[in-house]
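Pasting a structure below so you can have a look.
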Amino acid sequence: MSDPTPDVVVEPDAEHLARAVAEALVARLAAAQAVRGTASVVLTGGGMGTAVLEQVADVAAEPVRETVDWTAVEVWWGDERFVPADSDDRNEKGARQALLDRVGVPPERVHAMPPSDAGFAEPEDAAAWYAGQLAGAAQPGEDVPRFDVLLLGLGPEGHVASIFPASPAVRDERPVFAVRDCPKPPPTRVSLGFSAINAADEVWLVVSGDEKAPAVAEALAGADPVQLPGAGVHGTRATRWLLDRAAAGALPAAG
Ligand code: 6PG
């Protein structure tokens, strides 16, 4: 597997960043559909993840843009909070409101990680079910299907998805697993692991704010992924760090 040098893109602020990522995502999904007829995206939660999806819905409505057939987009998640389906903490809920319901992605293509009230007593059961969904959509012998773009946020201490620094998740080689005792609430989650994330064609880290600047700089300088999980993710074809000026503030070139 290749490990290409990351691209770094810096936008003036969070609003411009969300817009630029949305335009790039629409173009990337349209290009994938032009080649294969379908496209797939892995969504993230967090403030920037949702802001990007709101912008995608706006961009998708513009007639001058490349056209994405939203009935032929597979939607997966990088992580999810193990809370009831109607909780505002659900990444799925935010994504549906911001984009999926607006553009009409068919229910069978929206592969949400289970909430806590869907019949899975423990998050481990929910993770095992999701592993089956991923494997069922994958080529024979693979754990996960093709992901054209996998979106990630970055925590100020360097977490990605729900892989937190120095937690068991950093050494877990399964494609998807339960995560307990997360320092960022809510504490119980389901997350893709490094093996699944790093199987994506393109991994895009979308990061805004000066509180993230040290983690961004350390990740790009090659920090230990055990201590800074954001340093351990990459796409097989491209790894893109999409930053606002504040998040880029500790990079050598910006200093
Ligand atoms: C989650 C996210 C998480 C998030 C980062 C950044 O479920 O909480 O998937 O990994 O992307 O914490 O979040 P912000 O953009 O809100 O800072």
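When a residue number appears, it is its place in the shown sequence, counting from 1. Numbering of ligands and ligand atoms starts at 1, following listing order.
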Has Glu108 got more than 12 heavy atoms of other residues, nucleotides or ligands less than 6.0 Å from its CD?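 Buried by this count: over 12 neighbours within 6.0 Å.
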With a cut-off of 6.0 Å (strictly less than), are more than 12 heavy atoms of other residues, nucleotides or ligands near CD of Glu62?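 Correct, the count exceeds 12.
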Does any N/O atom on Gly46 come nearer than 3.5 Å to any N/O atom on ligand 1?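 Min N/O separation from ligand 1 is not below 3.5 Å for Gly46.
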Could you check atom 3 (C) of ligand 1 against the protein and tell me its nearest heavy-atom contact, residue, atom and distance included?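 I find the closest protein heavy atom is His159 NE2, 3.5 Å.
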Does even one non-hydrogen atom of Gly49 get within less than 4.0 Å of ligand 1?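 Heavy atoms of Gly49 never come under 4.0 Å of ligand 1.
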Atoms of ligand 1 close to Ala161 [distance to a heavy atom under 4.0 angstrom, numbered from 1]: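 It comes down to these atoms of ligand 1: 3 (C), 10 (O).
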To check your reading of the model: name the closest protein heavy atom to atom 2 (C) of ligand 1, its residue, and the distance in Å.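 I find the closest protein heavy atom is Asp79 OD2, 3.6 Å.
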Would you call Glu80 and Arg90 a salt bridge, using N to O less than 4.0 angstrom?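 Yes, this pair counts.
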Can you tell me the protein heavy atom closest to atom 4 (C) of ligand 1 and the distance?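 Result for atom 4 (C) of ligand 1: Lys184 NZ, 3.8 Å.
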Can you tell me if Arg36 has over 12 outside heavy atoms packed within less than 6.0 Å of its CZ?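 Atom CZ in Arg36 is packed in, count exceeds 12.
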Element-labelled atoms of ligand 1 that are located less than 4.0 Å from some non-hydrogen atom of Thr44: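 Per the distance check, 9 (O), 11 (O).
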Relative to ligand 1, is Ser208 under 4.0 angstrom through side chain, backbone, both or neither, heavy atoms considered?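 Answer for Ser208: neither.
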N-O pairing of Arg245 and Asp13 below 4.0 Å: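 The answer is no: the pair does not qualify as a salt bridge.
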If the threshold is 4.0 Å, N to carboxylate O, is there a salt bridge linking Asp88 and Lys93?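 The answer is yes: the pair qualifies as a salt bridge.
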Could you list the atoms of ligand 1 found under 4.0 angstrom from a heavy atom of Gly47?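 Matching atoms, with element in brackets: 14 (P), 15 (O), 16 (O).
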Just to check, does Glu80 reach to within less than 4.0 Å of ligand 1 when the distance is taken from its heavy atoms?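 Under 4.0 Å: no for Glu80.
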Is the shortest N/O to N/O distance between Val160 and ligand 1 below 3.5 Å?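 No: no nitrogen or oxygen of Val160 is under 3.5 Å from one in ligand 1.
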Closest protein heavy atom (residue, atom, distance) for atom 7 (O) of ligand 1: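 Of the protein heavy atoms, Arg81 NE, 2.9 Å lies nearest.
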Group every Ile, Leu, Val, Met, Phe, Trp and Tyr by side-chain heavy-atom contacts under 4.5 Å, then state whether Phe194 and Tyr130 land in the same group.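 As far as the 4.5 Å side-chain criterion goes, Tyr130 and Phe194 are connected within one cluster.
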Heavy atom of the protein closest to atom 17 (O) of ligand 1 (residue, atom name, distance):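 Checked against all protein heavy atoms, atom 17 (O) of ligand 1 sits closest to Lys212 NZ, 2.7 Å.
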Within the 3.5 Å criterion, strictly below it, is a donor on Glu74 or Trp76 matched to an acceptor on the partner's side chain?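 No, Trp76 and Glu74 have no side-chain donor paired with an acceptor closer than 3.5 Å.
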Taking non-hydrogen atoms only, is Leu154 closer than 4.0 angstrom to ligand 1 via side chain, backbone, both or neither?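 Near ligand 1, Leu154 shows its backbone, while the atoms from C-beta on stay back.
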Can a salt bridge be assigned to the pair Arg28 and Glu23 using a cut-off of 4.0 Å between side-chain N and carboxylate O?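 A salt bridge is absent here (no side-chain N lies under 4.0 Å from a carboxylate O).
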If the cut-off is 4.0 Å to any non-hydrogen atom of Asn91, which atoms of ligand 1 fall inside it?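 So the answer, numbered in order with elements, is 7 (O).
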How long is the gap from OG on Ser191 to CZ on Phe164, to the nearest 0.5 Å?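 Interatomic distance, Ser191 OG to Phe164 CZ, rounded to 0.5 Å: 8.5 Å.
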